[in-house]
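Sequence positions, counted from 1, serve as the residue numbers for this chain.
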Amino acid sequence: MSGGRSGNGAARRRTAARAAGASAAVLATASALLLAPAAVAADGDKIVKNTVNQEYAVTTAAQFTRPNSAMLSSALTYDPKLVPVNSRVTVSERADSARTRVGLRVAGLVANRAYGAHVHTGKCGVSPDSSGPHYQHRKDPRTPSVDPAYANPKNEVWLDFTTDGRGEGSAESRHAWRFRSGEARSVAIHERRTATGAGVAGTAGRVVACYSVPFNQSKEAAKAVSGLLGKLF
């Protein structure tokens, strides 16, 4: 009898060990998904996409503050006369497997004034140029990009707007493509509307404010992790 109980106990311990190992494997996979880039790997001229989830919608909002090297906010104003401290910004993104729609809303800016705005490749930083160049679906081989063949509202995301009498404004941009993961990181607001002519296309003067937005990044990974943890627990 004691031998039988000992054998049963050993079997239970082996089963528990296998379960613990499976749990650890799932958690490791979850961690890898959260930490890894979400959706793009380049292989020569091929683009291999992670297709865990190809449809989502996200909206983020913040108030503009002055840059502070000790602790940077996600929304920064470099010219409080044009984008006052505590003015507000909201950015939305809706995407499916083939299309992207980006929306921008602002409040508390200068009334009855035109601004330029675009999606940029870098995050906002202490200086206005931290956000880098405009995101382009087809990248211009020359920089800065001022060729209308590349610097145009179909190949880039332009969100120019004019505020109303209360300093509120909005814009929306629609595209038949999705952002490459990790390459679109902010919306920059410029001092004037975007130019379209040869040699100046895409220019809109100084960057007067910037809002860091994680376009098309960890949504697929987060949903994949949620599914894995749901199966485990």
Side-chain angles (χ1 to χ4, degrees), residues 60-93 100 102-137 139-140 142-148 150-163 167-173 175 179-180 182-217:
T60 60
Q63 288 184 300
F64 286 108
T65 65
R66 290 178 181 271
N68 180 338
S69 58
M71 185 175 66
L72 280 178
S73 168
S74 61
L76 303 172
T77 176
Y78 306 108
D79 187 342
K81 291 183 179 179
L82 295 182
V83 180
V85 172
N86 295 328
S87 58
R88 300 181 300 281
V89 59
T90 302
V91 172
S92 62
E93 179 188 9
T100 300
V102 179
L104 170 68
R105 294 184 64 85
V106 295
L109 274 60
V110 178
N112 302 311
R113 192 186 192 284
Y115 294 80
H118 320 99
V119 171
H120 282 226
T121 60
K123 290 184 179 180
C124 310
V126 173
S127 64
D129 60 358
S130 298
S131 58
H134 298 178
Y135 178 89
Q136 294 185 325
H137 179 58
K139 293 183 179 181
D140 189 340
R142 295 186 177 184
T143 55
S145 180
V146 291
D147 181 350
Y150 295 92
N152 63 69
K154 290 186 177 180
N155 192 48
E156 301 181 346
V157 180
W158 294 10
L159 296 161
D160 292 14
F161 60 90
T162 298
T163 56
E168 298 180 1
S170 63
E172 184 177 87
S173 184
H175 299 276
F179 291 116
R180 294 179 295 276
E183 295 188 34
R185 298 183 178 93
S186 62
V187 172
I189 297 176
H190 294 255
E191 64 179 331
R192 60 174 181 265
R193 281 197 171 276
T194 310
T196 59
V200 294
T203 62
R206 295 178 298 115
V207 173
V208 295
C210 184
Y211 181 31
S212 293
V213 181
F215 291 107
N216 191 33
Q217 290 193 359

Q) Would you call Arg105-Glu172 a salt bridge at under 4.0 Å N-O? A) no
Q. Partners of Ser130 by side-chain hydrogen bond (donor to acceptor under 3.5 Å, both in side chains), sequence neighbours excluded?
A. Ser127
Q: Supply the atom-to-atom distance Phe64 CZ to Ser74 OG, rounded to the nearest 0.5 angstrom.
A: 9.0 Å
Q. At their closest point, which heavy atom of Trp158 faces which heavy atom of Ala195, and how far apart are they?
A. CH2-O, 3.7 Å
Q | Pairwise distance OG(Ser73) to CG(Asn68) - rounded to 0.5 angstrom | A | 10.0 Å
Q | Main-chain N/O of Arg193 paired to Asp160 side chain as donor or acceptor, under 3.5 Å | A | no
Q: Step through it carefully: locate the ring centre of His118, locate the ring centre of His190, and say whether they are under 6.0 Å apart.
A: yes
Q) Hey, what do you get for OG (Ser186) to OH (Tyr211), rounding to the nearest 0.5 Å? A) 11.5 Å
(Q) Any side-chain to backbone donor/acceptor pair from Thr121 onto Tyr135? Under 3.5 Å, distance only. (A) no
**Q.** Those residues that, when tested against Asp79, pass side-chain hydrogen bond (donor to acceptor under 3.5 Å, both in side chains) (two or more places apart)
**A.** Arg206
Q) Donor-acceptor pair, His120 side chain versus Ala184 backbone, under 3.5 Å? A) no
Q. Are any side-chain N or O atoms of Thr163 and backbone N or O atoms of Arg113, one a donor and one an acceptor, separated by less than 3.5 Å?
A. yes
Q.
To check you understand the geometry: which heavy-atom pair defines the closest contact between Ser131 and Ala188, and what is its length?
A. OG-CB, 4.3 Å
Q: Give a yes or no on whether the backbone of Thr65 and the side-chain of Thr77 come within a donor-acceptor separation of less than 3.5 Å.
A: no
Q.
Tell me whether Asn152 contacts the main-chain N or O of Asn155 through its side chain, where contact means a donor paired with an acceptor under 3.5 Å.
A. yes
Q) Donor-acceptor pair, Arg180 side chain versus His137 backbone, under 3.5 Å? A) yes
(Q) Please enumerate all residues that pass salt bridge (Lys or Arg N to Asp or Glu O under 4.0 Å) together with Glu168, with sequence neighbours excluded. (A) Arg166
(Q) Go through it in stages, so that I can follow the logic: the residues are Glu93 and Thr100, the test is side chain to side chain donor-acceptor pair (under 3.5 Å), and I'd like the CA-CA distance, side-chain angles, deciding distance and then a yes or no. (A) CA-CA 7 Å; Glu93 179 188 9; Thr100 300; 5.0 Å; no
